[in-house]
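Some notes on the structure that comes next.
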Amino acid sequence: MTPLTAPGPLMECEPRYRETVLQMLRSQAWRELSAAQLFGHGLQYVTDLRTLKFISHHVVEETEHYAMVAELYQKHAGESLDGWVSAKLATKPIPWASSLLELSVAKWLDDLGGFWQLREYEESSWAPYREIVGRIISQEEGHQIHGQNIAVPLIRKETDRTKVQALFESWLRQGLICLGRPHSEGNRYAVSVGLKKRDSAECIKDYVRDILPAVREAGLRLPPKERLGVDLPDDLAWPID
């Protein structure tokens with residue numbers, strides 16, 4: 001399907017459309033820089049060269065993605081994004097990993113949440129963002145399986161199953177937060193003007209289906225929904241193994 005196209009420069013668009021795009025860019029920038037900081041901090045737990053190269057590359061890549069979004073914001077909003085993101089990180093920082101095990105779980109679940117979230121903007125009606133998203137996805141596609149491939153063996157080796165289940169639930173929550181609140185009014189508006197493809201509810205379902213085989217392979221289980229403390233679709237299939 002050919003995406004809709006926003007008429008004219010962003011700052012001349014209808015106010016709600018303009019503000020929705022600007023909020024999308026702010027949120028995307030916060031996610032990219034949060035990820036860069038998370039994995040940069042986690043390098044202290046990496047001891048083998050192969051993983052060191054992988055995580056280091058990821059830090060550089062997330063930093064580059066942040067720069068892409070920040071430059072787009074500067075160009076179209078006429079102001080720097082750095083101050084907003086710094087303030088957001090100060091008030092809503094992403095948790096740090098405290099071990100290689102936790103870093104691998106974060107890489108798997110949080111990174112995958114961000115990937116599924118981005119895919120909803122592949123056909124965005126605001127062309128400059130659509131182009132940036134396409135570039136980011138082309139760079140990140142396939143990386144998610146690497147995070148899973150690091151995480152699952154480490155999870156299976158961990159003898160403290162209570163500990164590893166708690167880590168899984170914590171980072172599952174972070175991954176789900178990336179996808180947004182289902183059936184919100186903001187979702188309906190963004191879909192109606194072509195800024196995103198679908199409601200967050202559908203994205204959440206895809207994410208859960210994606211992780212479930214590896215969850216089972218790792219010997220983990222999805223917790224009761226209410227324990228996660230995030231909004232989930234009422235019709236989401238949620239097996240408790």
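Contact detail for L228 and E169: the closest heavy-atom pair is CD2-O, 3.6 Å. The minimum heavy-atom distance linking L100 with Y45 is given by the pair N-CB, 3.6 Å. Shown here for L212 and P239, the closest heavy-atom pair between the two residues is CD2-CG, 3.7 Å. R173 and G229 get closest at one heavy-atom pair: NH2-O, 4.0 Å. Residues Q117 and C178 approach most closely at CG-O, 3.1 Å, considering heavy atoms. Minimum interatomic distance between D160 and E158 (heavy atoms only, all atoms of both residues): N-OE2, 2.9 Å.
One finds a salt bridge joining E202 and K205 here, because a Lys/Arg side-chain nitrogen approaches an Asp/Glu carboxylate oxygen to under 4.0 Å. In summary, D206 and R119 do not engage in a salt bridge, as defined by a charged side-chain N under 4.0 Å from a carboxylate O.
Side-chain contact of D82 with Y73: a donor-acceptor pair under 3.5 Å is absent, judged by distance alone. The closest side-chain donor-acceptor pair between S27 and Q23 falls under 3.5 angstrom. With no hydrogens or angles considered, a side-chain donor-acceptor pair links S200 and K196 at under 3.5 Å. Between the side chains of W171 and E102, at least one donor N or O lies within less than 3.5 Å of an accepting N or O.
No more than 12 heavy atoms of other residues, nucleotides or ligands lie within 6.0 Å of CG in D234, so this atom counts as exposed by the packing criterion. Counting non-hydrogen atoms of other residues, nucleotides and ligands closer than 6.0 Å to CZ of R18 gives a total above 12. Summarising the local packing, NZ of K225 is surrounded by more than 12 heavy atoms from other residues, nucleotides or ligands at distances under 6.0 Å. For R50, the CZ atom sits in a loose shell: 12 or fewer heavy atoms of surrounding residues, nucleotides or ligands are nearer than 6.0 Å.
Side-chain atoms of W108 and I150, non-hydrogen and from C-beta on, never get closer than 4.5 Å to each other. Considering only heavy atoms from C-beta on, D210 stays 4.5 Å or farther from V208 through its side chain. P223 has its side chain within reach of L172: a pair of non-hydrogen atoms, C-beta onward, lies under 4.5 Å apart. Annotation: side chain of D110 is not in contact with side chain of V105 (no heavy-atom distance under 4.5 Å). No side-chain heavy atom of E120 sits under 4.5 Å from any side-chain heavy atom of V191. The side-chain heavy atoms of I211 and Y207, taken from C-beta on, include a pair separated by under 4.5 Å. For the pair Y129/L25, a side-chain contact is recorded, criterion being any heavy-atom separation below 4.5 Å from C-beta on. Using a 4.5 Å cut-off on side-chain heavy atoms (C-beta onward), H57 and E61 make contact.
Residues satisfying the ring-ring contact (aromatic ring centres under 6.0 Å, His included) criterion with W238, sequence neighbours excluded, are absent altogether.
Ring-plane geometry between F54 and H58 is classed as parallel, the angle between the planes falling under 30 degrees on a 0 to 90 degree scale with a further cut at 60.
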Chi angles and distances behind the side chain to side chain contact (heavy atoms under 4.5 Å, CB included) call for I204, W116 | CA-CA 8 Å; I204 290 170; W116 276 108; over 6 Å; no
Step by step, would you call L81 with Q74 a side chain to side chain contact (heavy atoms under 4.5 Å, CB included)?
-> CA-CA 7 Å; L81 193 52; Q74 177 75 57; over 6 Å; no
Tell me, with the steps shown, if V21 and H76 meet side chain to side chain contact (heavy atoms under 4.5 Å, CB included).
-> CA-CA 10 Å; V21 169; H76 291 275; over 6 Å; no
Evaluate the side chain to side chain contact (heavy atoms under 4.5 Å, CB included) criterion for residues L10 and L22: first the C-alpha distance (whole Å), next the side-chain angles of each, then the deciding distance (0.1 Å), finally the verdict.
-> CA-CA 9 Å; L10 179 63; L22 293 177; 3.9 Å; yes
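Taking CD1 of I94 as the start and CD of Q174 as the end, the distance is 5.5 Å to the nearest 0.5 Å. Considering CD of Q148 and CG of L112, their distance stands at 8.0 Å, rounded to 0.5 Å. From D231, atom CG reaches atom OG of S184 across 9.5 Å, with rounding to the nearest 0.5 Å. Once rounded to the nearest 0.5 Å, the distance linking CD of Q165 with OG of S170 reads 11.5 Å. Here OG1 of T51 is found 11.5 Å from NZ of K53. Values are rounded to the nearest 0.5 Å.
Residues L72 and Y17 fall within the same hydrophobic cluster, defined by Ile, Leu, Val, Met, Phe, Trp and Tyr side chains chained together at heavy-atom separations under 4.5 Å. Placement of F168 and L232 within a single hydrophobic cluster is found when ILVMFWY residues are connected by side-chain heavy-atom separations under 4.5 Å, directly or transitively. When hydrophobic clusters are built by joining Ile, Leu, Val, Met, Phe, Trp and Tyr residues whose side-chain heavy atoms come closer than 4.5 Å, directly or via intermediates, I132 is grouped together with L118.
At distances below 3.5 Å, at least one donor-acceptor pair connects side-chain atoms of D199 with backbone N or O atoms of H183. Formation of a donor-acceptor pair under 3.5 Å by the R156 side chain with backbone atoms of E217 is found in this model. For S138 (side chain) and R135 (main-chain N/O), a donor-acceptor pair under 3.5 Å exists by modelled atom type. One N or O on the side chain of N149 and one on the backbone of I145 form a donor-acceptor pair closer than 3.5 Å. Within the 3.5 Å criterion, the main-chain N or O of M24 finds no donor-acceptor partner in the side chain of Y121. Checked by atom type and distance alone, the side chain of R130 pairs as donor or acceptor with a backbone atom of S124 at under 3.5 Å. T91 places a side-chain N or O within donor-acceptor distance of the main-chain N or O of K88, the cut-off being under 3.5 Å. For the pair S104 (side chain) and L101 (backbone), a donor-acceptor distance under 3.5 Å is present. One N or O on the side chain of S192 and one on the backbone of Y189 form a donor-acceptor pair closer than 3.5 Å. Distance alone, capped at 3.5 Å, places no donor-acceptor pair between the N187 side chain and the P182 backbone.
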In a table with atom names and distances, give each donor-acceptor pair under 3.5 Å that connects a side chain of residues 32-40 to protein atoms at least two apart or in another chain.
{"residue": "E32", "atom": "OE2", "partner": "Q28", "partner atom": "NE2", "Å": "2.6"}
{"residue": "S34", "atom": "OG", "partner": "W30", "partner atom": "O", "Å": "2.7"}
{"residue": "S34", "atom": "OG", "partner": "W30", "partner atom": "NE1", "Å": "3.4"}

